[in-house]
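In what follows, a structure is listed as structure tokens, so that the remarks can point back to it.
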Amino acid sequence: MGKILVIAEKPSVAADIGRVLGCRQKGEGFIESEKYIVSWAVGHLVTLWDPEDYNPSLKKWSADTLPIMPKDMGLKAIKGTSKQLSVLKKLMNAKTTDYIICATDSGREGELIFRYIYTFVKCKKPFKRLWISSMTDEAIKDGMASLKDGRQYDNLFFSAQCRSQADWLVGINASRAYTVKYGALLSIGRVQTPTLNMIVKRQNEIENFVSQDYYEVAADYGNFKGLWFKEKYSDTKIDDIKTAWEIKNKVQGQKGLISDVKREEKKENHPLLYDLTELQRTANRYFGFSAKKTLDIAQSLYEKRKLITYPRTDSRYLSEDMRSKAASTLGRLKAAGEYGPLVEKLDLNNLNFTKRIIDNSRVTDHHAIIPTDKAVKLSGLSEDELKIYGLIARRFICVFYPPYKYAETTAVVVCKGESFVSKGKKVISLGWKEAELLREKNDKAAPPLPPDIKKGDYVNVLKCEVVKKATQPPKQYTEATLLSAMENAGRELDDEDLKETMKDSGIGTPATRAAIIERLLQVGYISRKGKSLAPSQKGINLCAAVPEELKSAATTGRWERGLNLIAGGKMEKEKFMASIGRFVVFIVNSAAQSGNEVEFEKEEPAKKRRSRLGICPLCGKGGIYENSKAFYCNNYKTGCNFTVWKDALNRYGAIMDSAKMRKLLKDGIVKNVKITMPQTGEQGKGNLILNKNRSFMLEIAGFERDEKAKPRKAKDSAVNQGEVK
């Protein structure tokens with residue numbers, strides 16, 4: 001009798017599975033027992049062919065060879081992984097192997113990793129699927145006892161395969177078509193370009209925003225305050241300052257009648273459990289973690305620590321069969337330091353499982369992220385792991401708490417025919433917020449109104465003031481808000497049918513969104529400014545160059561929904577790939593027919609490209625190079641201190657990039673740069689120069705105000721990297 005071969009996605013996971021299965025004998029690239037052999041991939045070992053693998057002539061990027069659409073897409077080993085791939089090939093095709101267990105991650109990409117290997121090594125052995133949501137010993141044992149026929153996951157593989165091939169076809173053809181057209185190395189992707197476009201659109205909204213002044217009138221009665229309103233309580237804005245002052249003068253020092261008092265008790269139910277996207281959003285808001293960092297920490301808590309369930313999930317609910325597991329997990333948390341007092345307040349034998357916790361219809365391949373029922377040793381976790389685990393543990397505990405309850409009082413005072421509203425809030429019971437301290441800490445509740453105020457009473461308007469305010473531009477995306485925008489991309493569409501179609505898709509998946517953001521950073525299309533994400537000039541130019549269909553959330557959303565339909569067995573993969581083929585032809589034709597309205601900095605092929613931007617104007621010998629924060633002279637070790645910081649123009653609403661630096665070094669000036677004066681908010685244009693009388697400091701000279709543009713709100717912050725003449 002032969003052995004059973006188990007293939008995990010990573011060596012660390014293979015070690016855990018092997019330990020549970022009693023595999024103690026080490027081999028070259030595997031461990032084994034009398035019954036099992038456990039081996040592993042190292043993530044992806046196999047990938048799709050490059051264009052030149054089909055024909056060597058395709059190595060050269062040329063518009064004449066586009067579109068590139070192979071009839072049958074080939075697979076090849078990824079460089080550096082051939083040794084482990086050879087191990088798997090030998091084990092998978094060995095006569096002594098009875099069958100194989102696919103134990104890669106239980107999701108679309110995990111399925112693709114195994115199936116590509118299986119296809120590449122031409123294996124014909126039957127295989128089963130280990131599908132688990134946590135890496136505890138008990139979960140592995142339960143999963144091994146309930147293996148599924150691997151072919152039950154064919155549709156999931158077809159979805160993953162279509163994703164892989166569609167990304168290749170769109171990425172290869174679009175990147176080549178537009179790179180050749182504009183003479184600049186342009187990376188274009190099925191998902192990354194629509195994501196970039198969202199960031200660029202937001203930047204355009206900010207730059208084109210014209211602030212409008214408005215006024216509010218506030219009345220002070222001594223023990224509480226009120227705000228003037230017109231018809232609705234929210235209608236407090238007054239456009240005309242004269243009107244605002246008339247109201248103020250009319251009521252100042254007068255008596256007002258409390259015409260209405262409403263007291264309501266309200267409650268707020270607990271939030272849903274975490275899926276990956278919500279966990280990433282929360283960690284970004286509270287800790288400033290990038291989406292990738294949160295995913296990496298969560299993956300470590302899942303794989304290495306065994307303390308949380310599968311993190312790459314898009315579900316925020318548990319299934320019906322997890323009632324007993326939930327109670328067991330809470331029992332473990334009861335003995336875990338700071339969580340103990342919170343769990344103590346729950347009756348573990350009578351937990352309140354609401355529809356907001358358990359809903360089989362809302363559980364996809366995996367349930368929500370929750371702690372496992374493994375014993376917790378908080379002292380063994382890093383500071384960052386403690387933060388992420390704390391979010392997950394507290395959220396899990398809080399969903400079994402009662403609702404947050406509060407009393408809200410609304411009072412209306414009428415004085416000389418003018419109405420003022422006052423609102424107050426008093427907490428009755430913290431409920432679930434007691435467990436979610438982060439939420440309570442950031443809860444900006446209005447102070448309670450005096451308990452004795454009642455309808456019919458009079459109050460004195462002791463003081464009244466006109467408060468000047470201004471409308472604010474939309475804020476730049478943070479990773480938290482970008483993740484939300486990617487997840488809910490379809491909600492902004494005007495087409496109601498398409499909006500309904502996209503309600504369960506969006507851009508990317510929870511497992512891929514972090515990588516998309518990192519890719520945009522890597523290729524220089526966006527940059528991080530604190531928590532904010534800002535587009536570079538190259539990213540802005542790219543979105544101006546490509547057609548709407550390539551950067552539209554609607555296009556990507558349709559594809560993502562199609563992939564989900566394939567996974568669910570509701571769409572044939574051939575139909576999906578045919579639509580991708582038509583789209584590729586459209587993109588190539590669009591690139592060929594597009595004009596040259598957009599100019600990119602010319603770039604040479606990678607092997608010939610040099611990073612030097614020009615000769616140093618200060619020392620005259622060194623070269624000017626670029627790093628993540630500045631442009632500098634490479635003679636800095638011998639004393640040349642030429643430096644231009646990349647954030648030098650931030651307060652002027654402009655971007656200092658390599659294209660501007662190169663032109664400064666060549667011509668000594670960059671003309672007509674759009675800027676906003678930080679002291680006055682005036683908008684206009686200025687020229688960038690390197691002032692040779694001040695060690696070639698970057699300066700803005702010759703500012704010309706745009707008479708049509710309304711001044712923006714002036715910024716108070718000051719920097720010393722630039723001067724205005």
Side-chain angles (χ1 to χ4, degrees), residues 199-214 239 241 468-477 525-527 529-530 532-545 596-601 613 617 630-631 643-725:
I199 301 171
V200 171
K201 284 178 70 175
R202 176 61 58 86
Q203 186 67 29
N204 288 337
E205 290 170 2
I206 294 170
E207 291 182 355
N208 295 323
F209 181 83
V210 178
S211 180
Q212 301 290 333
D213 291 338
Y214 68 93
D239 294 329
I241 189 171
K468 182 180 178 181
K469 295 188 175 182
T471 56
Q472 297 297 310
K475 294 181 179 179
Q476 285 183 322
Y477 280 116
Y525 287 156
I526 65 173
S527 61
K529 308 286 185 183
S532 299
L533 299 172
S536 67
Q537 190 60 50
K538 187 175 183 180
I540 293 170
N541 288 348
L542 177 66
C543 287
N596 290 310
E597 297 84 5
V598 179
E599 279 193 29
F600 289 87
E601 181 182 355
L613 301 176
F631 302 97
T643 305
V644 172
W645 298 100
K646 287 187 174 181
D647 62 0
L649 300 179
N650 283 12
R651 67 173 184 149
Y652 299 104
I655 297 172
M656 185 60 205
D657 54 23
S658 57
K660 291 187 180 72
M661 191 70 243
R662 192 184 296 275
K663 191 165 181 61
L664 277 171
L665 295 171
K666 180 182 178 182
D667 302 331
I669 189 170
V670 179
K671 296 181 179 180
N672 298 323
V673 177
K674 287 177 64 176
I675 61 173
T676 299
M677 297 299 287
Q679 300 92 342
T680 64
E682 294 175 301
Q683 297 182 60
K685 293 181 179 180
N687 301 326
L688 292 185
I689 64 169
L690 294 173
N691 190 332
K692 63 181 180 181
N693 296 322
R694 301 188 64 184
S695 300
F696 291 93
M697 178 184 286
L698 178 67
E699 294 183 357
I700 297 175
F703 175 71
E704 293 183 7
R705 184 173 179 270
D706 184 350
E707 299 297 334
K708 295 180 181 179
K710 187 170 182 177
R712 297 179 183 170
K713 187 175 180 180
K715 298 180 180 179
D716 296 326
S717 60
V719 293
N720 58 10
Q721 290 97 333
E723 298 288 330
V724 178
K725 299 293 183 184

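Excluded from the calculations below are hydrogen atoms, water molecules and symmetry mates; all remaining heavy atoms, backbone and side chain alike, are included.
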(message) Using every non-hydrogen atom in the two residues, find where Ala701 and Ile689 come nearest and quote the distance to one decimal.
(response) CB-CD1, 4.1 Å
Where the side chain of [X] meets the backbone of [Y], is there a donor-acceptor pair that is under 3.5 Å apart?
X: Ser536; Y: Tyr525; result: yes
X: Asn687; Y: Asn672; result: yes
X: Lys660; Y: Ile655; result: yes
X: Ser211; Y: Gln472; result: no

(request) Indicate yes or no: does Glu704 engage Lys685 in a salt bridge with an N to O separation below 4.0 Å. (result) no
Does a side-chain heavy-atom distance below 4.5 Å link [X] with [Y]?
X: Met656; Y: Val644; answer: yes
X: Pro474; Y: Ile206; answer: yes
X: Val673; Y: Tyr652; answer: no

With sequence neighbours left out, what residues match [X] under salt bridge (Lys or Arg N to Asp or Glu O under 4.0 Å)?
X: Asp667; result: Lys663
X: Glu205; result: Arg202
X: Lys475; result: none

(message) Assess the residue pair Leu664 and Leu698 against the criterion (side-chain contact (heavy atoms from CB on, under 4.5 Å)); give the C-alpha distance rounded to whole Å, side-chain angles, the decisive distance to 0.1 Å, and a yes or no.
(response) CA-CA 9 Å; Leu664 277 171; Leu698 178 67; 3.8 Å; yes
(request) Output, in order, the C-alpha distance, side-chain angles, deciding distance and verdict of side-chain contact (heavy atoms from CB on, under 4.5 Å) for Ile700 and Leu649. (result) CA-CA 9 Å; Ile700 297 175; Leu649 300 179; 4.0 Å; yes
(request) With sequence neighbours excluded, tell me which residues meet side chain to side chain donor-acceptor pair (under 3.5 Å) with Gln203. (result) Glu207, Gln476
(request) With sequence neighbours left out, write down each residue that passes side chain to side chain donor-acceptor pair (under 3.5 Å) with Asp657, or none if nothing qualifies. (result) none
With [X] via side chain to side chain contact (heavy atoms under 4.5 Å, CB included) - residues at least two apart:
X: Lys666; result: none
X: Ser658; result: Glu601, Leu613, Glu626, Phe631
X: Lys469; result: Tyr214, Glu216, Val467

